[in-house]
Amino acid sequence: MKPVKVGICGLGTVGGGTYNVLKRNAEEIARRAGRKIIIEEVGARRPNPDCDTKGTQITADIFAVARNPEIDIVIELIGGYDTARELVMTAIEHGKHVVTANKALIAEHGNEIFEAAQQKNVMVAFEAGVAGGIPVIKAIREGLSANRINWLAGIINGTGNFILTEMRDKGRDFADVLAEAQALGYAEADPTFDVEGIDAAHKLTILASLSFGIPLQFSKAYTEGISKITAEDVQYAEELGYRIKHLGISRRNEAGVELRVHPTMIPEKALIANVHGVMNAVLVDGDAVGQTMYYGAGAGAEPTASAVVADVIDVVRTLTADRDNRVPHLAFQPGELSDEPILPIEEVVSAYYLRLHAVEKPGVLAMVTGILSESGISIDAILQKETHEQLVPIIILTQEVKEQQMNEAIAKIEASADIDGTVTRIRVEHFEA
Ligand code: HSE
């Protein structure tokens, strides 16, 4: 069969990895795809020292790649929003299939991109956009398609997990670990996307759509970052038998769909609490299968390239298949997406870890527990630490409560003259089967 020609736009960390994997494993890939896959052209402003591009046509004009009549599949690896969107739309307009690792693009413009792709009868594949090398999109979209999915939770930002792991294990400084993640090519161009949960929310938005058959709605995701996690909280979590992880959680209940990214305390024995460094993991609960977990490298050149190239092979296979039998972009048939609402964070129910500093005097603990009790919040565990400068640190684990109720209770506690500063809160999840 005639070889398939691809054009790679962007030769940075992931672009370079993709170039090298396509070249190195060309023979094995052809045996899988049923035909050769040739890199026809690369669009990049700068060479990548890790790639030997001798013999490959290189242009600085990525749009020339998207329009090149020789090319069947455009691989978009430039990242970002506007130019990437224009590039992908240009490729689609010119009848090219698209493979992308750009989660921001899919989470924010995916609805429009998929519609254009359908009209042009082309595929847009984006496995590499979520959890790097883990084939979790394929697992949810195809492997779990018999299930009604109840919820999913994931460590879906490698940089953030790398930072939390190094801080906990080695007591390293936040900024120092972040700089290392940047040097290793894990972090986003704007690393606040990693540490403030925006990157994870992009990925969660995609996973939620695939799991529940809802349109992509990134703007409704709740995000809270890890930059305010203190060594004190990490230590108290350990004492209580928990770990703090930055999780993306999406759960469907009768009222709607939760879509939230925030630091979360999870029991240390939970498998997902033991996912360290740049590794990612996604835990999915389906009504038939129960819980399944997908684990692997969440960032980095070749792990991400692994997913990009797998998508290329998938697209190559569909070139000769009936278009009605393609796997839909968002797992559900486009006309079958439902309009279940995304729930505001105030409506979300979870357990809580609270840390506060109270003035050391009789009755202060009773005052705090009294407020919680009046607000209908049950306490699971309570720790009182050593008094320091007349302030006593109090740590409380609560049972599940609606966020709105917890907000009201915290406001009352903070209003007390016997409480110093604000109350730190971390949501707690148990993920019991
Ligand atoms: N910055 C992302 C991360 C890259 O650290 O997970 C992979 O999407």
Side-chain angles (χ1 to χ4, degrees), residues 10-18 21 75-81 84 99-108 110 125-138 152-167 174-208 210 216 218 221 223 225-227 229 245-249 261-264 272 275-283 294-311:
L11 205 60
T13 303
V14 181
T18 300
V21 171
I75 307 177
E76 181 279 303
L77 301 172
I78 61 168
Y81 298 98
V99 172
T100 176
N102 192 333
K103 53 268 159 150
L105 176 73
I106 297 299
E108 302 233 19
F126 49 95
E127 179 68 69
V130 178
I134 311 173
V136 64
I137 289 183
K138 200 170 187 71
L152 65 97
I155 295 173
I156 44 181
N157 182 269
T159 303
N161 203 41
F162 182 64
I163 293 172
L164 286 178
T165 305
E166 292 288 305
M167 282 174 73
F174 185 97
D176 170 41
V177 190
L178 175 58
E180 188 182 342
Q182 286 176 291
L184 290 167
Y186 299 156
E188 296 303 300
D190 176 354
T192 58
F193 273 41
D194 296 293
V195 295
E196 295 306 332
I198 298 158
D199 176 71
H202 284 143
K203 295 165 179 167
L204 185 69
T205 299
I206 296 171
L207 291 177
L210 297 167
L216 295 152
F218 167 72
T223 53
I226 54 171
S227 49
I229 297 286
K245 290 288 182 189
H246 202 196
L247 291 191
I249 300 172
V261 175
H262 50 71
T264 311
I272 199 163
V275 173
H276 303 307
V278 74
M279 304 310 264
N280 280 195
V282 181
L283 184 58
Y294 308 89
Y295 169 88
E302 291 214 357
T304 313
S306 164
V308 171
V309 175
D311 267 353

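Note that the structure is predicted; figures quoted are calculated from it, not measured. Whatever order the structure lists them in is the order used to number ligands and atoms, beginning at 1.
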Taking only heavy atoms of [X], which atoms of ligand 1 are found under 4.0 Å from at least one of them?
X: Asn157; answer: 1 (N), 2 (C), 3 (C), 5 (O), 6 (O)
X: Ala299; answer: 4 (C), 7 (C)
X: Ala187; answer: 1 (N)
X: Asp194; answer: 1 (N), 2 (C), 3 (C), 5 (O)
X: Lys203; answer: 2 (C), 3 (C), 6 (O), 7 (C), 8 (O)
X: Asp199; answer: 2 (C), 6 (O)
X: Gly298; answer: 6 (O), 7 (C)

Taking the non-hydrogen atoms of Gly132, is any one of them nearer than 4.0 angstrom to ligand 1?
no
Show the nearest heavy-atom pair for residues [X] and [Y], with the distance to one decimal.
X: Leu178; Y: Pro191; value: CD1-CB, 3.9 Å
X: Gly17; Y: Ala305; value: C-CB, 3.4 Å
X: Gly15; Y: Leu77; value: CA-CD1, 3.5 Å
X: Ile272; Y: Ala281; value: CD1-O, 4.0 Å
X: Ile134; Y: Gly296; value: CD1-N, 3.3 Å

Check the side chains of Asn102 and Thr100 for a donor-acceptor pair under 3.5 angstrom, ignoring hydrogens and angles.
no
Regarding ligand 1, does Gly158 bring an N or O atom to under 3.5 Å of one of the ligand's N or O atoms?
yes
Look only at interatomic distance and state if Thr159 has a nitrogen or oxygen under 3.5 Å from any nitrogen or oxygen of ligand 1.
yes
Nearest non-hydrogen protein atom to atom 2 (C) of ligand 1, with distance, is Glu188 OE2, 3.1 Å
Of the side chain and backbone of Ala101, name the one, both, or neither that has a heavy atom under 4.0 Å from an atom of ligand 1.
neither
Residue among Lys103, His202, Gln182 satisfying side-chain hydrogen bond (donor to acceptor under 3.5 Å, both in side chains) with Glu188:
Lys103
Begin with the C-alpha distance, continue with both residues' side-chain angles, and end with the deciding distance and a verdict on side-chain hydrogen bond (donor to acceptor under 3.5 Å, both in side chains) for Thr223 and Glu196.
CA-CA 7 Å; Thr223 53; Glu196 295 306 332; over 6 Å; no
